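In what follows, a single structure is set out as structure tokens and then discussed.
Remember, it's a predicted structure, so these values are computed and weren't measured experimentally. Counting starts at 1 for both ligands and their atoms, following the listed order.
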Amino acid sequence: MATTLVFLFTSCLFVKASGTDNLISDEAIAVEFLHNYNEQVIKAFYTGSLAEWKYQTNLTEENKQEMVQADLVYAEFEQAAFRNASRFNVSAFSSEIQRQFRLLMYIGDAALEDKSKLKRLQDVKAELQRLYATTMVCGKPGDEDQSKCYSFDPDIAELFATSRDYSELAWAWVGWHNASGLPLKELYSEFVELNTLAIEANGHTDMLSLWQWIYEVDDLEEQVLEMYDTLKPLYLNLHAYVRRKLIGVYGEDYVNPKGAIPAHLLGNMWAQQWHNVYYLAEPYPGRQPIDITPTLKAEGYTPLQMFQIAEEFFRFLGLLPASEEFWQNSLLVKPDDGREVVCHASAWDFIVGNDVRMKMCTVATMEDFIVIHHEMGHIQYFLQYRDQPFVYKDGANPAFHEAVGDVMALSVSTPEHLYKLGLVDSFENDPENDINFLMKMALQKIAFLPFGLMVDLWRWKVFSGEITPENYNTMWWQLRMQYQGIVPPVERLDEFFDPGAKHHIPANTPYIRYFLSFVIQFQFHKALCIEAGQLDDGKPLHRCDIHKSLKAGKKLADMLKLGKSKPWMDAMEVLTGQRIMDATPLVEYFRPLIDWLEVENEKNGDTLGWDPTWRPPPPQRYTSTGSQIVTSYSLILSVTSWMYFIVQ
Ligand code: X8Z
Ligand code: ZN
């Protein structure tokens, strides 16, 4: 297959170039070359994507081998494309053709010419994904059968979202971090070495410099740090407020009024979004309901119905319907036929026809309802730019791709919209209900910002060599402490590998895209609300719902259709009239809550920030599995089987 493709690809060019060594300056030949490339890359990409889908939806050794082989075939195709493209002198071509060449000539891992290294890199990547996705946590305290094990989706995720038991949460936190992260450590450092070779072979010094190239800026780190500086006061206020509320549940011994927050108490394994602890942070208890999980469960909503609701929202904006292939080929629930799958939600563009798919182990919760909208945003982008050449079938920048579905969710999450959907039984716009709603949104959006930032601050330092395997974990926790103000429930020294306990590290999915998306989605939201006439009568931004606005839908589609054909500043201008990523609309959206939090924190004498030296005491009941060694700050427990340890 590969040889045929490569031959076709090169022969077409050689006819025109007729054996000369000189670079080709004829733009007409370049256009024909790009045309041929587009025809052929689609087939090669499709074959590779199918193999990857097959593996991620059935993590067997056989499927892994098949995928690695397919990756190598695709790499050969890309190498040939690169070689052929190098025969052109692009400098005199139009900027549009130059852009296509520039994008085509970034070939990722395929730049690694040493075949055995390339194969090893693909093997390591596939194995990292499998190890993470198949992690189980065993030996839950209180379980009669101590050999019973739990996977993250749905068991551990649900425990984290619902438990208020300090020790049980600590068990799940330690169990997950030990079982998922630790076994990846060595493989991850090998991955860093090999991937660095690929980055260098593409002409970049390190990962940050590669990503700056992708974002078409030369000061990405400075830009995001500056952006975070303007948003930090919001986070500090939210942090102080939630910390005080946590003290109300767990007491001052476990949550220190001036300390960082224990990482396992925030309703999410990575403390990245805190909406699951809304119950303790609700500013005005007993007001209008804003959590639809009870309704989804009580009324037995199926994942398919949840997807249909989301898809309808897009269609009612005049956007594209999900394709037949989407409904036929997607995996919307975790298979119960014994297959092991990568459960972390993802959207896939197979490029050929309208073959777009979703892979998600959906459960009936509000969290998943929001994730569905997020993923449907990716699907919509795929469909909108389907007529662009291959190299432009991408977001204007990666953050744009992440923002589309979240923008929809900003409208869908409003109490008024949930009421329209029949998912809450009452709604009333008043200032106290607004503050409750904004608190819920802040726990999703503001709480995320420092995590969204620190993941890649860590990864960039790993790939620049500043962080080495010996201090992977210490540096991870240093950044977690510095930015998020959280502390692990037990000491985590460098023998552990806690970054590996987060999907995007073993999967090597860049993360700064989410930080930026959480900022620009409010820019997009505001622009669409203006277009929908939602803000005309002085309605505040957080109450805007663009539901059924064809004008807003058209404006969004105009931007999405561009794909990556223009620098992101141009795409941003089409939708917002601005050429920068700007945090002002986010601040405007949360303004009533920010003012409320400042007053509240001051009234309670809360100090913003945290003392980085404070550590939580060991959990009262403590447990671990197998021969793992769990180190706590004041107590070292070495366990051989399972242990359910009562300290007091
Ligand atoms: O990974 C995702 C999406 C798929 S692109 C579900 N997100 C990040 C995460 O889960 O860590 C969305 C928000 C951040
Ligand atoms: Zn996404």
Looking only at protein heavy atoms, identify the closest one to atom 10 (O) of ligand 1 and say how far it is in Å.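 For atom 10 (O) of ligand 1, the nearest protein heavy atom is His344 CE1, 3.4 Å.
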What protein heavy atom sits nearest atom 5 (S) of ligand 1, and how far away is it?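 Nearest protein contact, heavy atoms only, for atom 5 (S) of ligand 1 is Tyr514 OH, 3.0 Å.
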Enumerate the atoms of ligand 1 whose separation from the nearest heavy atom of [X] is less than 4.0 angstrom.
X: His378; value: 5 (S)
X: Glu375; value: 3 (C), 4 (C), 6 (C)
X: Ala345; value: 4 (C)
X: Gln272; value: 9 (C), 10 (O), 11 (O)
X: Lys502; value: 9 (C), 10 (O), 11 (O)

Are any of the heavy atoms in Gln273 under 4.0 Å away from ligand 1?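 It does not; every heavy atom stays at 4.0 Å or beyond.
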Could you give the distance from OH (Tyr589) to NE2 (His525), rounded to the nearest 0.5 Å?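 Those atoms lie 5.5 Å apart.
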Spacing of Phe382 atom CZ and Leu560 atom CG [to the nearest 0.5 Å]: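 So the CZ of Phe382 and the CG of Leu560 are separated by 12.0 Å.
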Val277 versus Leu265: any side-chain heavy-atom pair under 4.5 Å?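 Val277 does not reach Leu265 side chain to side chain.
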State, with a plain yes or no, whether a side-chain heavy atom of His417 is found less than 4.5 Å away from one of Ser411.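 No. Closest side-chain heavy atoms not under 4.5 Å.
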For atom [atom1] of [X], is the number of surrounding heavy atoms from other residues, nucleotides or ligands below 6.0 Å larger than 12?
X: Lys566; atom1: NZ; result: no
X: Glu226; atom1: CD; result: no
X: Gln308; atom1: CD; result: yes

Examine Tyr392 together with Tyr385 and report whether their ring centres are nearer than 6.0 Å.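 Centroid distance Tyr392-Tyr385: not below 6.0 Å, so no.
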Would you confirm whether the ring centroid of His504 sits within less than 6.0 angstrom of the ring centroid of Tyr514?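 For Tyr514 and His504, the ring centres are under 6.0 Å apart.
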Take the angle between the ring planes of Trp53 and Trp348 and call it parallel below 30°, perpendicular above 60°, tilted in between.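 If you compare the ring of Trp53 with that of Trp348, the planes turn out perpendicular.
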For Trp476 and Thr474: C-alpha separation, side-chain torsions, deciding distance, then whether side-chain hydrogen bond (donor to acceptor under 3.5 Å, both in side chains) applies. CA-CA 5 Å; Trp476 174 258; Thr474 308; over 6 Å; no
Where does His503 meet ligand 1, judged by heavy-atom distances below 4.0 Å: at the side chain, the backbone, both, or neither?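 No part of His503 is near ligand 1 at this cut-off.
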May I ask you to identify, for Tyr511, whether its side chain, its backbone, both or neither come under 4.0 Å of ligand 1 on a heavy-atom basis?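 It is the side chain that gets close, since no backbone atom is under 4.0 Å.
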Closer than 2.8 Å to the Zn ion (ligand 2), what protein N/O/S atoms do you find?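 Near the Zn ion (ligand 2), below 2.8 Å, one finds His374 NE2, His378 NE2, Glu402 OE1.
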